[in-house]
Participant: 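Got a structure here, written out as structure tokens. Questions coming.
As a basis for the values below, the full set of heavy atoms in this structure was taken, side chains included, without hydrogen atoms, waters or symmetry mates. Below, read A as the first sequence line, B as the second, and so on, with proteins coming before strands; counting in each chain starts at 1.
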Amino acid sequence: MAEIATVCPYCGCGCGLYLHVRDGVVVGASPSRSHPVAEGRLCLKGWHAHEVVDNPGRLTRPLVRRGAELVEATWEEARSAVVAGLGKTLETDGPQAIGVLGSARCTNEDNYALVRFARGTLQTPNIDCSLRIQCVPDAPQPGEAWRAGVSTGQIAELDDADLVLLVGSDPTEEHPAVGARIYQGRQRGLRVVALSTRKHPLARLADLHLPVRPGGELRLIASLLHVVLAEQGMAGEGRPGAEDLRASVADMSPEVTAADTGVSADLVRQAAGLYLSSERAVIVYSAGLALSPQSGAAVQALHSLAVLGSGGSRRQVPVLSLLCRNNLQGCRDMGVAPDVLPGYASLGDDAAVQRFEQAWQCELARGVGLSAWEMPGQVRAMYVMGDDITRSIPDPEATLSALEALDFLVVQDIFMSPAASVAHVVLPAASFAEQDGTWTNLERRVQRTRRAVSPPGEAREDWRIIADVSRAMGKPFPYEGPQQIFEEISDLLPIYAGVFYPPLAVNGGIRWATPEARDAGGQAEVMPVPPPAEALEAAASGLRASDQYPLLLAADPTLRPWDGEVMVSQTLTVAGEFTVLTKDYPDGMLCLNPEDAKRFQVRGGRPVRVVSPKGECQMQVRVTDEAPPGVALVPHHQATRLGIMEISTDQAGGRPVLAPTPISVGPAE
Amino acid sequence: MSNPYLPKIASIQKVKPETYDTTTFTLQLDDPTERKAFQYRPGQFVELSVFGAGEAPFCISSSGHGRDTFDLSVRKVGRVTDALHEMGEGGQVGVRGPLGNSFPFEEVEGKHILFVGGGIGLFPLRPQIQDVYRERDRFASITVLYGARTAEDLVYRDELEEWQQQEGMTCLLTVDVGAEGWTGNVGVVGTLLQKVEIDVPNAVAFVCGPPIMIRFVVQDLSGMGFGEEAIVTTLERHMRCGIGKCNHCMIGDKWVCKDGPVFTYRQMKAMTEFEE
Amino acid sequence: MTARMLPHERIDEFVARLMQSAEVVAPRRVEVADVFYGPVSSPGEVAWDYGTAIEPLKRFLLPQRETMLRFSTDGGLKVEAECDERERVFLGVRCCDVTGLGVMDAMYGGDIPDPYYMSRRERSTVIALTCLEAPEETCFCVCCDAGPFLTEGYDQQWTSLPEGMLVEIGSERGEALARANEDLLAPAELDQIAARYRLAREAEKTFGDFKSYIAGAMAKLSMNEVDPEVWEQAAMRCTECGGCTYLCPTCSCFTVTDRMNGSEGVRERHWDACLNNCYAREASGHNPRPERSDRLRARFFHKISHQWAERNGRQACVGCGRCVVGCMAWAHMPAVTEGIRRGVMT
Ligand SMILES: Cc1cc2nc3c(=O)[nH]c(=O)nc-3n(C[C@H](O)[C@H](O)[C@H](O)COP(=O)(O)OP(=O)(O)OC[C@H]3O[C@@H](n4cnc5c(N)ncnc54)[C@H](O)[C@@H]3O)c2cc1C
Ligand code: SF4
């Protein structure tokens with residue numbers, strides 16, 4: 001029996017995980033005590049991570065479509081089919097007609113190779129990852145190679161924190177290792193201020209809970225800024241940008257915002273008071289913040305609040321941005337986005353472009369490409385690597401039909417995903433346990449994932465598959481292994497410059513930093529960004545409940561976030577734990593406050609008819625006081641297929657958002 | 001060391017659909033010596049393997065008297081039961097058992113015997129009904145009360161008809177939801193209790209059905225004066241091993257698989273987790 | 001008591017001899033600082049100075065995932081049971097883990113012995129290593145009568161004295177092993193045996209804050225007198241990670257699944273956790289323990305009620321502290337037993 005140190009493949013925490021290997025089979029998983037993220041803990045997903053590895057449902061051979069069927073093929077046949085299919089689209093419709101999706105489940109090396117494949121080999125700027133929709137938004141930040149949405153702090157900082165401002169998040173379900181630190185911290189007196197629509201378990205145990213109306217998050221944070229800047233009159237003195245910030249929230253006194261946020265001025269002042277007086281505060285926010293079209297701006301506002309600092313010394317407050325999948329950070333860092341280059345280099349930055357062109361020995365597609373949600377209807381061919389596109393994007397059925405209607409679709413995955421089932425070519429990829437490479441967790445910790453066993457059948461590492469296809473298209477990649485790719489990454493991406501592959505083998509890896517922060521020997525100085533007036537305005541005028549539609553329905557990405565996720569639902573022993581929704585709430589879990597359940601005379605477990613201005617559907621009710629009165633909550637991944645929610649665009653990120661939508665609830669037919 | 005997890009191989013002799021989602025499978029062990037050794041009593045169950053799909057517990061639904069085959073009546077609800085329903089005569093399955101304890105028989109000699117079954121709760125009662133009826137001289141009377149959700153959900157239709165006609169046995173049926181073509185009783189099975197005369201102090205009741213039905217019937221029986229020892233039921237719990245190792249079926253300090261599945265109401269009440 | 005001395009310089013030779021006829025499973029370092037009980041390939045690999053191992057011995061006797069049966073459906077059904085007949089010596093095992101084995105033996109032996117567990121167990125020799133001081137700050141074996149020194153349950157118990165290992169014999173098997181290696185051993189002197197008792201007394205004083213109020217909690221649990229509010233509060237904290245059960249030396253629940261590959265298949269069992277929502281959920285959708293508080297209550301009842309202590313020979317907590325390390329929140333044994341005692345969870 002050997003224990004192979006690697007990293008949990010599920011959430012953004014990136015807990016240290018040992019895979020136990022006997023006779024070439026992964027027979028167990030256990031935590032690592034010496035690993036800095038969770039120090040000897042794992043959540044249920046981590047404990048069962050080994051079970052997906054040799055799951056009978058794994059893809060083991062390349063498949064090529066012959067009429068209605070996908071039939072097994074050799075790698076050569078599959079590769080020729082890919083080259084021919086993509087080649088045809090390139091010829092007839094040009095590179096702009098091809099879309100490429102990367103994945104937060106794949107390594108940095110896989111994603112980097114994919115970006116090179118898209119912008120270099122295929123010459124298309126259309127590269128993205130669909131997960132962006134249900135995750136903490138990232139938003140451009142002026143100045144450095146930094147984006148709001150990236151953690152400035154690290155998880156262990158919660159250990160000596162005296163206050164955590166927990167925004168929109170239920171880390172216990174979504175990011176258990178972060179939740180764990182908060183629970184442990186409470187034992188030594190860590191105070192918790194929770195700001196969220198849902199009264200999740202930690203909100204219940206919190207010292208202060210600000211139950212914000214869905215969509216009111218930006219204005220609530222703005223009112224916190226108002227109190228901190230205008231009333232306490234101290235914070236941010238002399239910091240660049242503080243004056244603009246003060247001006248931007250001048251009208252956002254808690255009395256003004258109370259009407260839109262549902263949070264009393266008194267609670268806001270108490271929260272601001274606790275925050276300001278705490279010596280070692282930490283701000284933690286998660287996708288629960290992504291409930292509104294203004295969440296990009298809300299994230300920026302939170303970072304601004306952090307920059308102003310707290311405590312007597314006005315120390316800059318570390319921020320943890322809870323990204324929902326294990327390598328979402330790395331996926332972003334590698335430039336899997338339509339509007340930036342790897343390392344967040346700007347598309348307009350000639351020097352950066354030249355760097356990549358020189359290294360890749362080809363010209364780069366420099367334009368701003370289509371986003372994941374624009375691709376299916378607008379391109380003719382797609383190359384999808386481990387992206388669960390039908391789960392994230394609103395209206396999965398339409399997405400699937402759009403995928404089906406493509407001239408050519410390649411899907412590279414470890415399981416037969418819905419997208420794979422309509423693909424022209426399906427390529428079997430190696431899982432986390434079968435390849436070497438690196439992952440970057442939500443605190444920018446670049447860690448090694450290790451090959452514990454060989455991939456099943458003919459499955460291969462994602463980067464290798466891409467490199468082979470690129471070679472077949474006449475643009476060979478020179479990589480022999482992940483280490484070589486990583487070395488190129490640290491050569492070309494200034495943020496990865498201080499990170500070297502071999503030392504990553506030491507438990508816990510290395511956290512990347514911007515060159516400025518490295519020079520300053522610590523934390524990056526992030527510029528405060530004044531919340532745009534339009535966003536503040538829009539947040540106030542969001543959709544409201546009315547007599548006809550007396551409840552406000554919000555899609556909550558932190559509500560049973562793992563239910564039905566591809567990998568966990570293939571985990572033999574505990575699949576049941578992650579398919580509860582499918583069994584008990586097949587049409588959608590509508591969480592209603594007991595008051596509302598009484599008011600509309602509906603009972604738990606029963607189907608109801610839900611009507612919005614956009615349409616109607618059936619859902620099953622769960623009566624719980626986690627939902628505040630007047631608000632109905634539904635898991636985000638179920639909300640995408642209801643067809644009754646308003647879809648708007650996040651001003652700061654361009655992503656589509658399922659906006660809080662007024663509804664009425666009545667008996668099912 | 002013998003391996004209690006190793007199933008014996010059995011073949012499906014007969015497949016008889018009972019309702020739209022339940023079927024009775026008649027099985028016979030392949031090995032003649034094992035077949036002989038396979039002795040069981042009403043109330044016991046087996047762990048059935050459909051290899052590749054898995055293993056699940058089913059009570060033996062036929063009397064063992066004078067035959068070397070046995071019946072399992074199965075509702076289609078998931079992996080194993082779906083796979084079993086795909087199999088036909090001659091199909092090979094695995095069987096472990098008989099497992100668990102059994103209904104009292106000698107102990108209730110001379111008594112008025114009352115059976116109350118709901119839905120597929122009739123499965124475990126059937127062998128006991130058959131055995132008691134075969135030796136009806138040893139009992140004061142036999143009454144079978146059986147209810148299902150709709151007429152479509154009634155199992156063992158032919159046998160129910162026989163029981164209704166047979167001498168020495170009273171058999172009443174009811175459905176929760178009536179429908180066209182149904183001329184019998186409508187209402188939950190508990191309502192049948194008022195329709196029969198029972199010498200309560202000298203009677204024993206065997207009750208089986210969904211948890212909620214058991215709860216109400218036990219309440220009714222207690223109300224009628226049935227003692228805690230005179231109410232016997234068989235419990236169903238999620239089970240894996242059937243031999244008290246996996247712990248899935250544990251209630252308080254008992255394993256349903258090993259200490260049960262047959263319990264008196266008194267034993268049930270003594271379980272720390274039992275909720276009335 | 002029969003005791004021997006194994007001089008320090010002969011330990012490696014002793015271990016090397018053990019390795020000739022059996023797989024020697026001992027604490028060994030993995031990566032930088034983590035310790036697992038695992039097979040060692042040379043005597044030098046044994047980490048004698050370790051704290052506690054990440055997982056108990058369960059990973060060998062009741063593995064997280066193990067094959068029970070192999071079957072093929074091609075040309076008539078064939079089914080075969082898997083059998084592990086390897087001889088093992090568990091060397092340098094902490095006392096709490098040895099005590100845990102006793103509870104497992106009661107569960108997996110009994111009137112229907114589990115052949116997988118028992119065939120391994122019967123082929124195991126257990127050499128305990130006493131704790132001269134609390135190995136981790138999470139340890140609380142002193143509250144559970146499971147360490148830091150043992151009086152029974154081992155084949156041999158080793159205590160590190162300045163001159164060497166004091167080898168106490170606890171069974172025939174332990175005596176046989178000593179006899180077979182008599183040339184490496186010397187009889188123990190009286191003052192060496194006395195030193196062992198002195199060290200045991202001193203060791204007990206080094207245990208820290210994670211006291212567990214097992215006895216009080218046990219009484220309340222067994223009489224069904226725990227304030228239901230305690231379970232509600234524990235449920236609010238528990239995140240259902242399963243860690244406490246997987247790490248526990250005496251938690252032994254499993255589930256069974258079949259895996260098919262063409263016409264060949266295996267039946268496997270995997271660790272399961274009674275805290276999982278679907279653990280007791282039935283085919284009808286009915287769940288006898290629908291709330292987390294119900295499941296927590298059932299778990300602690302199984303661990304430390306008199307009813308189960310009687311069935312298992314002792315209560316099932318051995319104070320190894322792993323649930324304290326592994327708990328995602330604050331619902332581990334010491335936290336809950338204290339909650340039970342005080343009627344409220346902190
Ligand atoms: C003592 C006993 C006697 C039984 N007798 C009969 C019988 O005569 N006829 C009959 O139709 N059914 C009987 N059952 C129920 C039967 O065991 C379940 O329907 C069966 O296990 C479902 O297996 P599956 O693989 O088809 O479903 P799965 O796909 O395993 O699961 C469907 C659902 O059932 C739950 N479940 C899984 N295993 C069990 C289990 N062992 N017991 C209860 N729920 C489970 C799962 O959590 C899941 O929610 C009996 C159960 C017990 C404990
Ligand atoms: S907290 Fe996240 S990283 Fe840690 S074990 Fe759970 S899913 Fe894996």
Side-chain angles (χ1 to χ4, degrees), chain A residues 1-5 16 18 20 22 25-35 38-48 50-51 54-56 171-173 176-177 179-184 186-187 201-202 204-205 505-508 571-580 583-584 605, chain C residues 25 28 30-39 51-52 54-55 59-60 63-67 136 233 235-243 245-247 254-261 265 268-273 275-279 281 285 322 324-331 335 346:
Chain A
M1 178 113 77
E3 297 82 12
I4 312 292
Y18 283 107
H20 306 177
R22 196 195 296 129
V25 181
V26 184
V27 292
S30 61
S32 158
R33 283 192 198 167
S34 63
H35 193 275
E39 296 178 330
R41 306 183 189 98
L42 289 175
C43 75
L44 191 64
K45 299 182 290 298
W47 272 109
H48 290 267
H50 60 288
E51 287 180 38
D54 62 349
N55 184 297
T172 44
E173 256 194 83
R181 299 268 182 171
I182 299 176
Y183 277 109
Q184 311 292 327
R186 282 184 70 253
Q187 299 303 317
L202 267 173
R204 235 170 257 270
L205 296 173
V506 178
N507 236 345
T571 304
L572 290 178
T573 351
V574 290
E577 303 300 315
F578 299 105
T579 45
V580 169
K583 278 185 280 188
D584 295 350
Chain C
V25 171
R28 56 172 179 33
V30 175
E31 292 297 304
V32 190
D34 287 329
V35 175
F36 281 94
Y37 292 124
T52 58
I54 288 187
E55 290 188 333
R59 68 197 297 248
F60 287 92
Q64 194 164 6
R65 166 184 173 184
E66 82 172 303
T67 304
E136 309 275 351
Q233 290 168 347
M236 229 199 292
R237 288 153 179 81
C238 170
T239 65
E240 265 174 51
C241 68
T245 57
Y246 301 142
L247 290 168
F254 62 82
T255 186
V256 181
T257 64
D258 282 8
R259 245 173 225 264
M260 219 43 194
N261 195 347
E268 292 178 347
R269 69 175 168 195
H270 292 251
W271 290 350
D272 201 350
L275 291 170
N276 292 346
N277 180 349
C278 293
Y279 180 82
R281 191 186 155 108
R322 290 191 180 89
V324 181
V325 177
C327 183
M328 273 281 177
W330 202 256
T346 52

Participant: Let me know if C:Thr346 has heavy atoms under 4.5 Å from chain A in its side chain, its backbone, both or neither.
Facilitator: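 C:Thr346 touches chain A through backbone and side-chain heavy atoms alike.
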Participant: Would you say that A:Glu3 contacts C:Glu55 through its side chain, given a criterion of any heavy-atom pair below 4.5 Å between the two side chains?
Facilitator: no
Participant: Heavy-atom distance under 4.5 Å to chain C: side chain of A:Glu173, backbone, both or neither?
Facilitator: neither
Participant: Determine the minimum heavy-atom distance between A:Thr573 and C:Trp271, stating which atoms define it.
Facilitator: CG2-O, 3.9 Å
Participant: Is the closest side-chain heavy-atom distance between C:Ile54 and A:Tyr18 below 4.5 Å?
Facilitator: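 When only atoms from C-beta onward are counted, A:Tyr18 and C:Ile54 do touch, with a gap below 4.5 Å.
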Participant: Using a 4.5 angstrom heavy-atom cutoff, name the option from C:Val25, C:Thr52, C:Val35 with the most pairs to chain A.
Facilitator: C:Thr52
Participant: Let's test your reading of the structure: which of A:Pro176, A:Pro201, A:Ala2 forms the most heavy-atom pairs below 4.5 Å with chain C?
Facilitator: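 Of the options given, most contacts go to A:Pro176.
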Participant: Below 4.5 Å from any heavy atom of chain A, which atoms of C:Arg322 appear? Answer side chain, backbone, both or neither.
Facilitator: side chain
Participant: Which one of C:Cys327, C:Ala273, C:Ala335, C:Ala33 has the most heavy-atom pairs closer than 4.5 Å to chain A?
Facilitator: C:Cys327
Participant: Looking only at heavy atoms, which two atoms of C:Met236 and A:Arg204 are closest? And how far apart?
Facilitator: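 Heavy atoms only, the tightest pair is SD-CD, 3.6 Å.
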Participant: Counting distance only, does the side-chain N/O of C:Arg259 pair as donor-acceptor with the main-chain N or O of A:Asp54 below 3.5 Å?
Facilitator: yes
Participant: List the atom of C:Asp34, the atom of A:Ser32, and the distance in Å for their closest heavy-atom pair.
Facilitator: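 Where C:Asp34 meets A:Ser32 most closely, the heavy atoms are OD2-OG, 2.6 Å.
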Participant: What's the spacing between C:Thr239 OG1 and A:Arg41 CZ if we round to 0.5 Å?
Facilitator: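 Between atom OG1 of C:Thr239 and atom CZ of A:Arg41 there are 10.0 Å.
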Participant: Any side-chain heavy atom of C:Phe36 sitting closer than 4.5 Å to one from A:His20?
Facilitator: yes
Participant: Can you tell which part of A:Val580 gets under 4.5 Å to a heavy atom of chain C, answering side chain, backbone, both or neither?
Facilitator: side chain
Participant: So, does C:Glu66 use its side chain to make a donor-acceptor pair with the main chain of A:Val27 at under 3.5 Å?
Facilitator: no
Participant: Do the non-hydrogen side-chain atoms of C:Thr257 and A:Glu51 ever get within less than 4.5 Å of each other?
Facilitator: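 A side-chain contact under 4.5 Å is absent here.
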Participant: If you count heavy-atom pairs within less than 4.5 Å of chain A, which of C:Arg28, C:Glu240, C:Gln233, C:Glu268 leads?
Facilitator: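 Ranked by contacts with chain A, first place is C:Arg28.
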Participant: Would you indicate whether the side-chain heavy atoms of C:Met260 and A:Pro56 approach each other to under 4.5 Å?
Facilitator: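 A:Pro56 does not reach C:Met260 side chain to side chain.
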Participant: Within the structure provided, determine whether A:Asp584 and C:Arg281 are in side-chain contact (heavy-atom separation under 4.5 Å).
Facilitator: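 With C-beta onward as the side chain, the pair touches.
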Participant: Atom CZ in C:Arg237, atom OG1 in A:Thr172: separation rounded to 0.5 Å?
Facilitator: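 Going from CZ on C:Arg237 over to OG1 on A:Thr172, the span is 12.5 Å.
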Participant: For C:Phe60, is it the side chain, the backbone, both or neither that has a heavy atom under 4.5 Å from a heavy atom of chain A?
Facilitator: side chain
Participant: Would you say A:Gln187 and C:Trp330 make side-chain contact, with heavy atoms under 4.5 Å?
Facilitator: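 They are in side-chain contact.
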Participant: Heavy-atom cut-off 4.5 Å, strictly under: side chain, backbone, both or neither for C:Asn277 against chain A?
Facilitator: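 It is both, since atoms from each part get that close.
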Participant: State, to 0.1 Å, how close C:Gly243 and A:Trp47 come at their nearest heavy-atom pair, and which atoms those are.
Facilitator: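 Scanning both residues completely, I find the closest heavy atoms to be CA-NE1, 3.4 Å.
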Participant: Any sub-3.5 Å donor-acceptor pair from C:Arg65's side-chain atoms to A:Gly28's backbone N or O?
Facilitator: no
Participant: I need the C:Leu275 CG to A:Glu577 CD distance, nearest 0.5 Å.
Facilitator: 10.0 Å
Participant: Answer with side chain, backbone, both or neither: which region of C:Thr245 has an atom nearer than 4.5 Å to a non-hydrogen atom of chain A?
Facilitator: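 The answer is neither part of C:Thr245.
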Participant: Quick one: which of A:Gly179, A:Gly16, A:Gly46, A:Ala29 has the most heavy-atom pairs under 4.5 Å with chain C, could you say?
Facilitator: A:Ala29
Participant: Give the minimum heavy-atom separation between A:Met1 and C:Pro39, together with the two atoms involved.
Facilitator: N-CG, 3.8 Å
Participant: For the interface with chain C, which of A:Leu202, A:Val25, A:Ile4, A:Leu572 has the highest count of heavy-atom pairs at distances below 4.5 Å?
Facilitator: A:Leu572
Participant: Using side-chain heavy atoms (C-beta onward) and a distance below 4.5 Å, is A:Thr571 in contact with C:His270?
Facilitator: no
Participant: Would you mind telling me which of A:Gly576, A:Ala38, A:Ala5, A:Ser30 has the largest number of heavy-atom pairs within less than 4.5 Å of chain C?
Facilitator: A:Ser30
